[in-house]
Structure formats: C-alpha cells, structure tokens
Amino acid sequence: MISQPSRHCTVELQALPSRIGQVRRIVSAQLRYWHMDPLIDRAALGVTELLSNVHRHAEPDKLCTVEIELLLDRLTVSVHDHDPRLPELRDAEASATCGRGLAMVAAVSESWGARPDGDSGKVVWFTLPAPTPVLVAPVVAAPVVTAPVRTPYDTARETTCRHAVDERRPEHAPARSAVAG
C-alpha cells in the first residue's frame with residue numbers, strides 16, 4: 001500500500017484577541033493550499049473557540065501552539081498550552097454570553113478531546129473528516145493544427161463577412177472607415 005505523507009503546519013503565539021483572527025486566516029490559507037476548502041469554516045470556528053479558551057482560562061501564561069495535520073482522511077487541529085487543567089464541557093444557560101465554546105467544537109467536529117501534555121500543560125484537539133480528493137484526469141495535448149497562410153485581403157473579407165451577420169445588432173456593428181481601400 002502506498003502511503004501519502006502527512007501535511008503539517010504549526011503556529012506558536014500568545015492567545016490574544018488580535019492574534020486569534022490572524023491564526024484563523026493562517027488556518028484558512030493553509031487549508032486552501034491543501035485544497036481542503038470544504039473544511040475551512042469548521043476548522044476556523046474550532047480553532048477560534050480553542051484559542052478563546054486559552055485566552056480566557058489558561059494559567060500561568062497565554063502562550064500556545066496551534067497544529068494542523070492532514071492525514072489521508074482526517075484533519076486534526078490541536079492547541080497546546082501550559083495550563084494543566086483540562087477543559088470541561090458545560091451546559092450553558094440560554095442567556096449566557098459565554099460557555100458554549102467546547103459544545104460548538106463538538107458540534108462541528110467528528111471528534112474532540114483533551115489530554116495532559118508532559119509535566120505541565122495540555123492539548124485540546126478536534127478532528128474533521130477530509131473530503132475525498134477529486135482525481136483529475138491527465139491533460140491530453142490537442143493535436144497541432146496549422147492554419148493556411150492568409151493574405152490581408154482574405155482576413156479583411158472574413159472580417160466583413162463576420163460583421164455582416166452582426167449588423168442585425170447595432171451594438172456590435174463594425175467600425176466604418178472614411179478611407180477607401
């Protein structure tokens with residue numbers, strides 16, 4: 001079996017609101033580059049929610065690493081931070097203005113989870129099913145056809161004939177010249 005190499009992208013950042021938008025654009029651009037456009041909206045939403053959680057909750061700092069990896073049939077997006085506390089999926093009140101981030105990640109992803117990362121820190125991740133790549137048929141070169149040599153008279157006559165048909169539509173009427181010839 002021939003295996004496809006994985007595609008991998010890593011971004012290190014401080015999870016500040018201004019940086020979160022930049023990472024969304026980076027993830028979107030990377031997925032476009034990999035021709036995974038159908039995943040862009042869900043991946044961008046998921047990474048935004050995970051980075052927002054780092055911004056709101058992570059201690060002792062807001063430093064984190066975002067990794068996206070595309071394997072044969074799955075995209076995995078993960079965020080590593082230095083806070084060992086694992087996130088909890090909560091039921092948010094209908095009037096709550098926050099607290100739905102992980103529920104949204106769960107709703108748009110195939111799977112998600114969190115795990116401790118070394119002595120301190122954690123990784124929160126989600127996966128999306130990769131669309132089946134479209135196989136493009138090889139391009140077959142068209143046969144080379146050479147045109148007969150035309151004189152300026154032949155070209156002018158063809159132009160006149162072609163425009164004669166278009167004279168029914170005044171907006172496409174040919175330009176007229178006052179010079180005889």
Side-chain angles (χ1 to χ4, degrees), residues 1-140:
M1 182 171 134
I2 299 173
S3 65
Q4 175 189 12
S6 69
R7 299 174 190 171
H8 190 262
C9 177
T10 303
V11 179
E12 294 180 3
L13 70 138
Q14 190 170 14
L16 301 174
S18 61
R19 299 289 299 187
I20 294 170
Q22 291 173 342
V23 173
R24 281 178 63 96
R25 289 187 292 279
I26 290 168
V27 168
S28 298
Q30 188 64 53
L31 291 176
R32 271 190 219 89
Y33 179 74
W34 289 340
H35 304 287
M36 292 290 139
D37 297 43
L39 301 180
I40 291 173
D41 290 340
R42 292 183 296 155
L45 174 65
V47 78
T48 298
E49 293 304 326
L50 296 185
L51 289 174
S52 295
N53 283 348
V54 173
H55 174 70
R56 285 189 193 106
H57 306 293
E59 301 287 334
D61 57 40
K62 307 301 180 190
L63 295 176
C64 63
T65 302
V66 175
E67 290 185 66
I68 57 175
E69 184 175 31
L70 179 62
L71 296 173
L72 286 175
D73 63 346
R74 182 166 286 95
L75 177 77
T76 301
V77 178
S78 59
V79 175
H80 307 246
D81 67 43
H82 298 121
D83 190 339
R85 297 173 296 157
L86 296 177
E88 297 175 20
L89 182 61
R90 297 185 233 160
D91 290 327
E93 295 290 324
S95 60
T97 58
C98 61
R100 294 184 181 86
L102 287 177
M104 288 192 339
V105 169
V108 301
S109 66
E110 180 179 62
S111 60
W112 77 276
R115 66 178 184 275
D117 186 29
D119 293 335
S120 64
K122 67 180 169 296
V123 178
V124 183
W125 55 270
F126 65 91
T127 64
L128 299 171
T132 305
V134 176
L135 298 178
V136 179
V139 177
V140 177

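Everything numeric here is computed off the predicted structure, so don't read it as measured data.
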For a side chain to side chain contact (heavy atoms under 4.5 Å, CB included) check, start with the C-alpha distance between Leu50 and Phe126, then their side-chain angles and the critical distance, and finish with the verdict. CA-CA 10 Å; Leu50 296 185; Phe126 65 91; 3.7 Å; yes
For Thr76 and Leu71, what are the C-alpha separation, side-chain angles and deciding distance, and is it a side chain to side chain contact (heavy atoms under 4.5 Å, CB included)? CA-CA 8 Å; Thr76 301; Leu71 296 173; 5.6 Å; no
Would Leu51 and Cys64 count as a side chain to side chain contact (heavy atoms under 4.5 Å, CB included) if you check the C-alpha gap in whole Å, the side-chain angles of each, and the deciding distance to 0.1 Å? CA-CA 8 Å; Leu51 289 174; Cys64 63; 3.6 Å; yes
Working note: His8 + Glu67, criterion side chain to side chain contact (heavy atoms under 4.5 Å, CB included); need CA distance, chi angles, decisive distance, verdict. CA-CA 7 Å; His8 190 262; Glu67 290 185 66; 2.8 Å; yes
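The closest side-chain heavy-atom distance from Asn53 to Leu102 is below 4.5 Å. Residues Leu63 and His82 form a side-chain contact, since some pair of their non-hydrogen atoms from C-beta on lies under 4.5 Å apart. Counting only heavy atoms from C-beta outward, the side chains of Val123 and Val79 never approach each other to under 4.5 Å. No side-chain heavy atom of Leu128 sits less than 4.5 Å from a side-chain heavy atom of Glu110. Residues Ile40 and Arg32 form a side-chain contact, since some pair of their non-hydrogen atoms from C-beta on lies under 4.5 Å apart. With a 4.5 Å cut-off on side-chain heavy atoms, Pro116 and Lys122 do not count as touching. Within the 4.5 Å cutoff, side-chain heavy atoms of Val66 are placed close to those of Leu13. Side-chain contact check for Met36 versus Leu75: every heavy-atom pair is 4.5 Å or farther apart.
Distance check: Asp81 CG to Thr65 OG1 gives 9.5 Å after rounding to the nearest 0.5 Å. Going from atom CD1 of Ile68 over to atom OG1 of Thr10 covers 8.5 Å, rounded to the nearest 0.5 Å. The CH2 atom of Trp112 sits 14.0 Å away from the OG atom of Ser78 when rounded to the nearest 0.5 Å. Rounded to the nearest 0.5 angstrom, His80 NE2 and Asp117 CG are separated by 6.5 Å. The CG atom of Leu39 sits 12.0 Å away from the OG atom of Ser109 when rounded to the nearest 0.5 Å.
Around the CG atom of Asp41, the shell of radius 6.0 Å holds no more than 12 heavy atoms that belong to other residues, nucleotides or ligands.
Side-chain N or O atoms of Arg25 include one that pairs as donor or acceptor with a backbone N or O of Gly21 at under 3.5 Å. A donor-acceptor pair is defined here as one N or O able to donate and one able to accept, closer than 3.5 Å; no such pair exists between the side chain of Lys62 and the backbone of Gln14. One N or O on the side chain of Arg85 and one on the backbone of His57 form a donor-acceptor pair closer than 3.5 Å. Proximity of a side-chain donor or acceptor of Arg24 to a complementary backbone N or O of Ala44 within less than 3.5 Å is detected. Using a distance-only test at 3.5 Å, with no hydrogens or angles considered, no donor-acceptor pair links the side chain of His55 to the main chain of Leu16.
Thr127 and Ser111 share a side-chain donor-acceptor pair at under 3.5 Å.
Here the closest heavy-atom approach between residue Ser120 and residue Pro84 is recorded as CA-CB, 4.5 Å.
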